[in-house]
Protein chains: 2
Amino acid sequence: MNDEATRLQEARDEFVAHWGALGTQWGINRTMAQIHALLMTAPAPMSTDEVMEALSVSRGNAHTNLKELIAWGLIRSVVKKGERREYFEADKDVWNIFTTVAKERKRREIEPALGVLHQCAAETKEMETPAGKQFHEQMRQLEEFVGFASKVADKVAGMKHGFAVQLAAKLLG
Amino acid sequence: MNDEATRLQEARDEFVAHWGALGTQWGINRTMAQIHALLMTAPAPMSTDEVMEALSVSRGNAHTNLKELIAWGLIRSVVKKGERREYFEADKDVWNIFTTVAKERKRREIEPALGVLHQCAAETKEMETPAGKQFHEQMRQLEEFVGFASKVADKVAGMKHGFAVQLAAKLLG
DNA sequence: CACTGGTTTCAGTATTTTCCGAAACCTCGA
DNA sequence: TCGAGGTTTCGGAAAATACTGAAACCAGTG
């Protein structure tokens, strides 16, 4: 039954590979997504060298993306006592992962958009011509909506898991 | 007061430029995002040549991205009667834009992920070792969550604007 | 049927992003 | 202060993506 170990390894490799491919779909670089997949399914924290080995990537690449994952808050480094090197482990709780990603995406995608829309709306506030009014109105509506989305994202990302499930259940019911 | 026309033009250019930059942040190509911004703020439908002119891009580029926007459902082509060439106009309703984007993103980001997770979970369903069980459990949880997200996305994208506002108001209140 | 105005495709080029590999850099213990 | 083990940085190579320009194509009209 050592066969099972092999099949597990295969399944894990598959997961890592596909998750990496998916990552590129959503504008996350492949290596970063792969490392995340790897650590999410690791039975124990892994060192930089283990990651390099498992994914066949260079030290520089592994390092950059480990730091990036830390910056996102998706993994953290742990120090095994008596050891000098760093080990990394991923948060495995799906709800935590979700809220972390949601917060980050909000910061990167929603907030800059709000800034642009707000400015464009402000600049055209006083316009009198139909064209000016129409443009302003479009900006205002977009700003309103995106601002709204921003608030919703905050709210959801701040929820505890149980509460979110309850809410969603009601929504879907 | 022709000055207002100038300022409006500047504001619009700014919007188009920034929206394009934002687009790249979310994995949408710059030109596509710019064309969308342009058409969202156009007082009337525009032809391919007008788009090329306004953004200083090649015909091929304009054409490709116009088709892509049509494929997403964010713009549509209209034929002015008596004219031979195609004109394009964007849906300007923010809620429509949102649901359209949401549907497309779900299709591109959520559905493929579900497939991968489902397969990895299935492949490890019968495993007996702790490592195998743990991996399976992780896949199962991810699949469950993503499936859930998928349903929520459907539900929200299918809502009428008014209803969504009502719901969100309750959520934020 | 051939001309005109318009659309679509695509090979090659430019730009952007990602990755490697190696050197520079820390930090602790001897 | 040196050396070993480990981390960080970064210039340039490689890969992926976007864009151009021009040719092929298509549909009405004279």
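Throughout, protein chains are lettered first and strands after them, A, B, ... in sequence-line order, and every chain is numbered starting at 1.
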In whole Å, what is the span from the NZ atom of B:K81 to the P atom of D:dG28? 18 Å
Can you figure out which of C:dT7, D:dC19, D:dT7 approaches the side chain of B:N61 most closely? D:dC19
Rounded to 10°, tell me the angle between the two end axes of the helix from C:dC1-D:dG30 to C:dA30-D:dT1, each built from five pairs. 10°
On the nucleotide D:dT7, are OP1 or OP2 found under 4.0 Å from the side-chain N or O atoms that A:H63 carries? no
Heavy atoms under 4.0 Å, any strand shown: does A:T31 hit a base, just sugar-phosphate, or nothing? sugar-phosphate
Please report the distance, rounded to the nearest Å, between CD1 in B:I28 and C1' in D:dA18. 15 Å
Can you find an N or O donor on one side and an acceptor on the other, under 3.5 Å apart, linking the side chain of A:R84 with the base of D:dG5? yes
Nearest-Å distance for atom pair CD/P, residues A:E50 and D:dT7: 11 Å
Which of B:R30, B:Q34, B:H36 passes side chain to side chain contact (heavy atoms under 4.5 Å, CB included) with B:W19? Answer is B:H36
Relative to each other, are the rings of A:W95 and A:H161 parallel, tilted or perpendicular (30° and 60° limits)? parallel
Grab the CD-C1' distance between B:Q34 and D:dC19 for me, whole Å please. 12 Å
Quickly work out the B:R85 CZ to C:dT8 P distance and round it to whole Å. 14 Å
Under 4.0 Å, heavy atoms only, any strand: does B:N29 hit a base, just the sugar-phosphate, or nothing? sugar-phosphate
Within a 6.0 Å radius of atom CD on B:E53, are there more than 12 heavy atoms belonging to other residues, nucleotides or ligands? no
I need the CZ-C1' distance between B:R59 and C:dT7, as an integer number of Å. 8 Å
With a 4.5 Å cut-off on side-chain heavy atoms, are A:E89 and A:M46 touching? no
5' priority, DNA chain D, between A:T64 and B:V57 [closest heavy atom]: A:T64
How long is the span from the CD atom in A:Q141 to the NZ atom in B:K92, to the nearest 0.5 Å? 10.5 Å
Using a 4.0 Å heavy-atom cut-off across all strands, classify B:S56 as base, sugar-phosphate, or nothing. sugar-phosphate
Considering only NZ, NE, NH1 and NH2 on the basic side and carboxylate oxygens on the acidic side, decide whether B:E128 and B:K133 come within less than 4.0 Å. no
I want to confirm an ordering. Mapping A:A62 and B:R30 to their closest nucleotides on DNA chain C, which one lands closer to the 5' end? B:R30
Distance check needed: D:dT8 C1' versus A:D49 CG, whole Å only. 14 Å
With rounding to the nearest 0.5 angstrom, report the CE to CZ distance, B:M40 to B:R12. 10.5 Å
In this structure, how many angstroms lie between the P atom of D:dT7 and the CD1 atom of A:I70, rounded? 11 Å
